Amino acid sequence: MKAIVLREFGGPEVLQIHEIPVPDCGPDDIVIRVHAAGLNRADLLERQGLYPPPDPQPDFQIPGLECAGVVSRVGRRVLRFREGDRVMALVTGGAYAEYVACPADNAWPIPENITDAEAAGIPEAFITAYDALFDKAQLHLGQRVLIHAGAGGVGSAAIQLARLAGLQVATTVGSPEKVQSVLSFGAEKAINYHDQDFVQEVLNWSSKQGIDAVLDFVGKNYFERNLDVLKVNGVLVIIGTLSGNASHVNLGDILKRRLTICGTALRSRPAYDKMHLIQEFQERTAGFFAKGRLRAIVDKTFPLEQAAQAHRYMATNQNVGKIILTVVGH
Ligand SMILES: NC(=O)c1ccc[n+]([C@@H]2O[C@H](COP(=O)([O-])OP(=O)(O)OC[C@H]3O[C@@H](n4cnc5c(N)ncnc54)[C@H](OP(=O)(O)O)[C@@H]3O)[C@@H](O)[C@H]2O)c1
């Protein structure tokens, strides 16, 4: 099969197609013929050698954490799927390829109304957002949340999920065009951080009360300011650290306002935790995807052969929603 195999680390030019064997199908696995794979920021880090796959190391390091396609082989202990079923899946790597193997528990059916490109943009972004909003921050009806990078893959998913749950959403973005996009996804307040101070804007929006939670992807540059917008018992969920990892913090502030700071990471989780989260996510959201009330926003698609261009494009921060690689001709 054709796959983007990382034979060296570096710039986008290392993303080259190689011919390698189709992966084996373990007894609890399925093999998926990939039609589309979602791009994630983590793939850019992996390409540079900064985000190795969790143990055990695969024979071939192939990026790609999510995909959509058709089941081509079914492990002998798998009862849920048959060859030919359309599925999307959360994988620990390997989706930039014609075929990928994964535990059957990490895949679920694609509703009829959803294209392969849309389905490939659901697993990583939506499950990360779901976990952050409802497990980590424990948010519920009527509460206020600030979602940074609201036009990104995870941000656009988080805004939709939050609105569906009756939360009030403020979000930050980096351009006037993105302001319009995030309002259309359901944000109540959109802040262009180039022109506006998000702390002042969010405090005004909450009538100086502060808000219940922040979903952050920015890290270093926003850490102290994120704490400034939280009210007593507020929660900061760290999902990404796009501006860097190191930060200063006033511990007294955390103590006085009884704040919670937590992080989340999907790829490195134990299989059982991941399965449980996927099942819960699927049970609670499948109907909304089928009715079109939740959808992966697809910004742009690139053929697998143009993975390097797709990586360069993601690094420019232009995308609104997901960037998808399409796999054709097999
Ligand atoms: N923890 C997990 O399990 C998990 C899972 C998925 C993703 N993530 C992380 O979540 C983050 C977002 O992922 P994504 O897929 O949504 O990425 P994405 O679609 O590429 O969106 C990221 C957006 O963040 C903004 N941004 C980039 N650098 C920034 C900076 N230094 N300061 C402020 N804003 C910046 C840009 O939008 P603007 O133009 O609006 O600024 C950019 O388009 C990444 O760090 C990713 O690694 C974590």
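All values derive from a computational prediction rather than experimental measurement.
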Problem set entry | Polar side-chain atom of Ser243 near backbone of Asn221 as donor-acceptor pair, under 3.5 Å | yes
Problem set entry | Side chain proximity check, Gln48 to Phe9, heavy atoms < 4.5 angstrom | no
For this session: Report the C-alpha distance between Val320 and Lys178 in whole Å, list the side-chain angles of each, state the deciding distance to 0.1 Å, and finish with yes or no for side-chain contact (heavy atoms from CB on, under 4.5 Å).
Result: CA-CA 7 Å; Val320 171; Lys178 287 186 178 182; 4.0 Å; yes
Problem set entry | Close side-chain approach of Asp85 to Ile30, heavy-atom, < 4.5 Å | no
Exercise. Is the backbone of Ala125 close enough, under 3.5 Å, to the side chain of Thr128 for a donor and an acceptor to pair up by distance?
Worked result: no
Problem set entry | Thr260 side chain vs Val235 backbone, donor-acceptor pair below 3.5 Å | no
For this session: Find out if a path of hydrophobic residues (ILVMFWY) with successive side-chain heavy-atom gaps under 4.5 Å connects Met88 to Ile62.
Result: no
For this session: Report yes or no: do Arg295 and Thr115 form a side-chain donor-acceptor pair below 3.5 Å?
Result: no
For this session: Applying side-chain contact (heavy atoms from CB on, under 4.5 Å), run through Glu124 and Leu90 and close with a yes or a no.
Result: CA-CA 6 Å; Glu124 179 77 12; Leu90 185 70; 3.3 Å; yes
Exercise. Under a 4.5 Å cut-off applied to non-hydrogen side-chain atoms, are Ile110 and Ile122 in contact?
Worked result: no
For this session: Can you establish whether the number of heavy atoms outside Arg80 located under 6.0 Å from its atom CZ is more than 12?
Result: yes
Exercise. What closest approach, in Å, do Ile147 and Ala162 show between heavy atoms, and which atom pair accounts for it?
Worked result: CD1-CB, 4.4 Å
Could you list the donor-acceptor pairs under 3.5 angstrom formed by side chains in residues 301-314, with sequence neighbours left out?
{"from": "His311", "atom 1": "ND1", "to": "Arg47", "atom 2": "NH1", "distance (Å)": "3.1"}
{"from": "His311", "atom 1": "NE2", "to": "Tyr96", "atom 2": "OH", "distance (Å)": "3.0"}
{"from": "Tyr313", "atom 1": "OH", "to": "Asp299", "atom 2": "OD1", "distance (Å)": "2.7"}

For this session: Compare all side-chain heavy atoms of Val34 with those of Glu98 and state whether any distance is below 4.5 angstrom.
Result: no
Exercise. Other than Val249, which residues form its hydrophobic cluster under the rule that side-chain heavy atoms must be closer than 4.5 Å?
Worked result: Leu146, Ile191, Tyr193, Phe198, Val199, Val202, Leu203, Trp205, Ile211, Val214, Val218, Tyr222, Phe223, Leu227, Val229, Leu230, Leu236, Ile238, Leu251, Ile254, Leu259, Ile261
For this session: Flag the pair Glu280 / Phe134 as yes when at least one side-chain heavy-atom distance between them is below 4.5 Å, and no otherwise.
Result: no
For this session: To the nearest 0.5 Å, tell me how far Lys322 NZ sits from Glu118 CD.
Result: 13.0 Å
Exercise. Can you check whether Glu177's main-chain N or O pairs, donor with acceptor, with Gln180's side chain at less than 3.5 Å?
Worked result: no
For this session: Quick one: pull up CG in Leu277 and CG in Asp135 and give me the separation to the nearest 0.5 Å.
Result: 7.0 Å
Problem set entry | Atom pair CG (Asp28) and CG (Asp105), whose distance is rounded to the nearest 0.5 Å | 7.5 Å
Problem set entry | Considering all heavy atoms, the nearest Ile159-Gly150 contact | CD1-O, 3.5 Å
Problem set entry | Arg86 vs His35 side-chain heavy atoms within contact, under 4.5 Å | no
Problem set entry | Nearest heavy-atom neighbours spanning Ala190 and Leu183 | CB-CD2, 3.9 Å
For this session: Indicate, with yes or no, if Phe288 and Val298 share a hydrophobic cluster defined by side-chain heavy-atom contacts under 4.5 Å among Ile, Leu, Val, Met, Phe, Trp and Tyr.
Result: no
For this session: Would you mind reporting whether Val91 and Asn106 have side-chain heavy atoms less than 4.5 Å apart?
Result: no
Problem set entry | Common cluster, Leu65/Leu6, ILVMFWY with side-chain heavy-atom separation under 4.5 Å | no
Problem set entry | Check: Arg267 side chain, Thr92 main-chain N or O, donor-acceptor pair, under 3.5 Å | yes
Exercise. Should Asp24 and Arg73 count as an ion pair when the cut-off is N to O under 4.0 Å?
Worked result: no
Exercise. Would Val78 end up clustered with Val70 when hydrophobic side chains under 4.5 Å apart are linked, directly or stepwise?
Worked result: no
For this session: Look only at the side chain of Asp212 and the backbone of Val145, and say whether a donor-acceptor pair between them is shorter than 3.5 Å.
Result: no
Exercise. Heavy-atom distance under 4.5 Å between the side chains of Val14 and Arg7, does that happen here?
Worked result: no
Problem set entry | Heavy-atom pair of closest approach, residues Arg163 and Gly186 | CD-O, 2.6 Å
Exercise. Around His194, counting heavy atoms of other residues, nucleotides and ligands shown, do more than 12 lie under 6.0 Å from its NE2?
Worked result: yes
Exercise. Would the number of heavy atoms belonging to other residues, nucleotides or ligands and lying under 6.0 Å from CD of Glu112 be above 12?
Worked result: no
Exercise. What's the verdict on side-chain contact (heavy atoms from CB on, under 4.5 Å) for Asn40 and Glu66, showing C-alpha distance, side-chain angles and the deciding distance?
Worked result: CA-CA 9 Å; Asn40 284 281; Glu66 56 189 347; 3.0 Å; yes
For this session: Mind checking the CZ-CG spacing from Arg76 to Asp29? Nearest 0.5 Å is all I need.
Result: 11.0 Å
Exercise. Does Ile127 belong to the same Ile/Leu/Val/Met/Phe/Trp/Tyr cluster as Ile323, with side-chain heavy atoms less than 4.5 Å apart forming each link?
Worked result: no
Problem set entry | Approximate separation, where rounding is to 0.5 Å, of Lys231 NZ and Arg144 CZ | 8.0 Å
Exercise. Could you walk me through whether Phe126 and Gln160 pass the side-chain contact (heavy atoms from CB on, under 4.5 Å) check?
Worked result: CA-CA 9 Å; Phe126 269 89; Gln160 293 180 63; 3.9 Å; yes
Problem set entry | Minimum-distance pair of heavy atoms, taken over all atoms of Ala89 and Pro123 | O-CG, 3.5 Å
Seminar exercise, completed: CG of Leu161 to CG of Leu139, rounded to nearest 0.5 Å, is 11.5 Å
Exercise. Above 12 or not: heavy atoms from other molecules or residues under 6.0 Å from CZ of Arg82?
Worked result: no
Exercise. ring-ring contact (aromatic ring centres under 6.0 Å, His included): which pairs involve residues 255-286, sequence neighbours left out?
Worked result: Tyr130-Phe281
Seminar exercise, completed: Nearest heavy-atom contact between Ala137 and Ala213 is CB-CB, 4.0 Å
